[in-house]
Amino acid sequence: MRALVTGGGGFIGSHLCRRLLAEGFEVTCLDNFASGMRRNIAELAETPTFRLIEIDVTAAPLPDEFRADRYFHLASPASPNPHTPRSYMALPLETALVNSVGMRHVLDLAMRNGGRVLFASTSEVYGDPQVHPQTEAYWGNVSSIGPRSCYDEAKRFGEALCMIYVRKYDVDARLIRIFNTYGPNMDPEDGRMLPNFITQALNNEPITIFGDGQYTRSLCYVQDLVSGMLAIMESGRADAAGRVYNIGNPEEHTILEYAKMVLELIPSSTSEIVYRPPVPDDPSRRRPDISRAQAELGWQPTVPLRDGMQKTITYFREVTSVR
Ligand SMILES: NC(=O)c1ccc[n+]([C@@H]2O[C@H](COP(=O)([O-])OP(=O)(O)OC[C@H]3O[C@@H](n4cnc5c(N)ncnc54)[C@H](O)[C@@H]3O)[C@@H](O)[C@H]2O)c1
């Protein structure tokens with residue numbers, strides 16, 4: 001079986017590539033490293049069943065030499081932090097295009113050659129939700145003109161495009177709405193909450209919380225997420241094409257609790273918590289309802305938060321030089 005992973009050099013994609021290789025797939029990774037890191041997949045270069053093609057998936061239709069049995073479309077900047085160069089707010093046009101034009105190129109490849117498609121959508125399609133927790137049936141509360149719209153609306157359009165190919169062209173495209181995920185291979189400088197807290201704590205710098213710290217987040221360890229992706233992709237349900245699943249961890253904590261947990265797990269740190277103005281459009285709560293994935297796929301997260309955090313901290317210690 002052959003798998004194509006766009007964005008395979010990124011945080012989640014690098015774990016997915018490893019898992020697919022372990023499952024016996026031949027894996028082709030397409031990445032332009034707009035936001036990913038070469039070191040995430042450097043050690044795979046020696047693996048004969050793995051190949052990396054450095055390519056922008058929006059630039060031109062994808063040639064049939066990339067045909068596969070399974071297509072995973074993950075390519076897209078994913079960090080919301082406007083102050084970092086690889087975030088979707090810093091790369092708004094690239095983000096809009098990779099989830100629309102790039103998505104189309106993957107769907108066209110599958111339409112011509114067969115094979116299943118999984119689109120990495122996001123909990124951000126729910127925007128600043130007015131329903132808690134969010135089920136897949138919730139339509140969301142999204143601003144089409146806000147600063148996050150380059151990402152939220154691009155993902156919503158990507159989902160709509162998949163449904164066009166499912167309904168009109170009989171392509172077997174499936175949708176995963178990924179909730180906040182963490183783990184090794186996250187970019188320490190991408191400005192997301194946990195990388196920020198961990199690098200700040202390791203460097204004994206102030207831990208910055210945007211807002212009052214009472215916003216909540218639910219974090220899923222990347223290994224659990226990848227299992228969820230494969231469960232959706234390999235589902236044999238008759239209605240699998242066009243089906244959407246929330247995948248995330250429903251355990252909810254405030255941002256302040258995460259900051260305190262990081263400090264507990266890095267006891268040598270002398271960092272103190274400081275507060276900065278909130279990020280515009282930042283949702284105050286986000287928590288997945290995963291009952292559909294539990295009932296239909298038998299999936300649920302298994303890695304306890306502290307264990308996942310510890311592994312992430314160990315990785316960050318290895319890759320970040322203390323300033
Ligand atoms: N990390 C999360 O918590 C999270 C949450 C929801 C959704 N997602 C989605 O999951 C996917 C992966 O996220 P991630 O956290 O691993 O992000 P990431 O930035 O680490 O990985 C994305 C990868 O896509 C590549 N890429 C971007 N534009 C490209 C293009 N035009 N052509 C080829 N490659 C391109 C980047 O270089 C990078 O390697 C994204 O689609 C993201 O929207 C992630």
Side-chain angles (χ1 to χ4, degrees), residues 1-23 25-79 84-113 115 117-122 150-151 154-155 158 161 178 181 183-192 195 222 226 229 233 315 319:
M1 293 271 274
R2 286 195 286 195
L4 184 85
V5 181
T6 74
F11 157 49
I12 296 171
S14 59
H15 288 275
L16 177 64
C17 287
R18 281 178 178 77
R19 176 71 182 271
L20 289 166
L21 289 167
E23 302 270 341
F25 281 87
E26 278 177 34
V27 177
T28 299
C29 162
L30 307 183
D31 206 303
N32 68 350
F33 296 102
S35 56
M37 293 181 294
R38 283 180 179 78
R39 72 169 176 232
N40 287 345
I41 48 170
E43 71 181 47
L44 299 181
E46 303 303 316
T47 308
T49 48
F50 177 81
R51 68 174 170 159
L52 165 66
I53 313 274
E54 291 204 29
I55 187 177
D56 176 348
V57 297
T58 68
L62 297 173
D64 286 342
E65 67 161 298
F66 296 148
R67 81 176 67 84
D69 304 288
R70 303 286 185 263
Y71 302 93
F72 296 86
H73 185 46
L74 275 67
S76 172
S79 164
T84 56
R86 296 186 285 272
S87 70
Y88 61 71
M89 287 200 204
L91 299 167
L93 186 58
E94 292 84 345
T95 302
L97 292 178
V98 75
N99 288 292
S100 53
V101 176
M103 183 74 253
R104 181 184 183 187
H105 290 158
V106 172
L107 289 163
D108 280 339
L109 192 58
M111 186 173 66
R112 290 197 306 271
N113 297 286
V117 177
L118 183 67
F119 174 43
S121 185
T122 169
C150 57
Y151 184 71
K155 290 289 186 185
L161 204 56
I178 301 172
T181 302
N185 295 0
M186 287 186 98
D187 178 353
E189 291 173 2
D190 81 359
R192 281 184 259 194
V222 65
V226 166
M229 295 181 105
M233 192 58 126
Y315 167 79
V319 297

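In what follows, every heavy atom counts, from backbone to side chain, and hydrogens, waters and symmetry copies are set aside. Quantities reported herein were computed from a predicted structural model and do not represent experimental measurements.
Counting only heavy atoms from C-beta outward, the side chains of Phe66 and Val57 never approach each other to under 4.5 Å. Looking at Leu52 and Phe33, their side chains come closer than 4.5 Å, going by heavy atoms from C-beta outward. The side-chain heavy atoms of Val226 and Arg18, taken from C-beta on, include no pair separated by under 4.5 Å.
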Walk me through it: do Glu189 and Arg86 pass the test side-chain contact (heavy atoms from CB on, under 4.5 Å)? CA-CA 9 Å; Glu189 291 173 2; Arg86 296 186 285 272; 4.0 Å; yes

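Under the salt bridge (charged side-chain N to carboxylate O under 4.0 Å, His left out) criterion, Arg112 pairs with Asp64, sequence neighbours left out. For Arg70, the salt bridge (charged side-chain N to carboxylate O under 4.0 Å, His left out) partners two or more places apart in sequence, or in a different chain, are Glu234. A search for side chain to side chain donor-acceptor pair (under 3.5 Å) contacts involving Thr122 returns nothing, not counting sequence neighbours. Under the salt bridge (charged side-chain N to carboxylate O under 4.0 Å, His left out) criterion, Arg2 pairs with no residue at all, not counting sequence neighbours. For Tyr71, the ring-ring contact (aromatic ring centres under 6.0 Å, His included) criterion is met by no residue, not counting sequence neighbours.
A donor-acceptor pair is defined here as one N or O able to donate and one able to accept, closer than 3.5 Å; such a pair exists between the side chain of Thr84 and the backbone of Asp190. For Asp31 (side chain) and Gly9 (main-chain N/O), a donor-acceptor pair under 3.5 Å exists by modelled atom type. Without hydrogens or angle criteria, Thr6 side chain to Leu74 main chain gives a donor-acceptor distance under 3.5 Å.
Distance check, rounded to the nearest 0.5 Å: CG of Leu44 to CZ of Phe50 gives 5.0 Å. In this structure, CD1 on Ile53 lies 13.5 Å from CG on Asn32, to the nearest 0.5 angstrom. Taking SG of Cys29 as the start and CZ of Phe72 as the end, the distance is 12.5 Å to the nearest 0.5 Å. Considering CG of Leu20 and CD of Glu26, their distance stands at 12.0 Å, rounded to 0.5 Å. Rounding to the nearest 0.5 Å gives a distance of 8.0 Å between CG of Leu107 and NE2 of His73. With values rounded to the nearest 0.5 angstrom, Ile12 atom CD1 is found 14.0 Å from Arg19 atom CZ.
Closest approach of Pro188 and Arg39 over heavy atoms only: CD-NH2, 3.6 Å. Minimum heavy-atom separation, Ser14 to Asn185: OG-ND2, 2.9 Å. For the residue pair Ile178 and Met229, the shortest heavy atom distance occurs at CD1-CE, 4.3 Å. In plain terms, the two heavy atoms of Gly158 and Phe119 that are nearest each other are C-CE2, 3.5 Å. For His105 against Leu62, the heavy-atom pair with the smallest separation is CB-CG, 3.9 Å. Between Phe11 and Thr181, the shortest heavy-atom distance links the atoms CE2-O, 3.6 Å.
Each of Glu65, Arg51, Arg67 was checked for a side-chain hydrogen bond (donor to acceptor under 3.5 Å, both in side chains) with Thr28, and the lone residue meeting it is Arg51.
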Donor-acceptor contacts under 3.5 Å from residues 90-104 side chains, at least two apart:
residue	atom	partner	partner atom	Å
Thr95	OG1	Leu91	O	2.6
Asn99	OD1	Lys155	NZ	2.9
Asn99	ND2	Ser76	OG	3.1
Asn99	ND2	Thr95	O	3.0
Ser100	OG	Ala96	O	2.6
Ser100	OG	Leu97	O	3.3

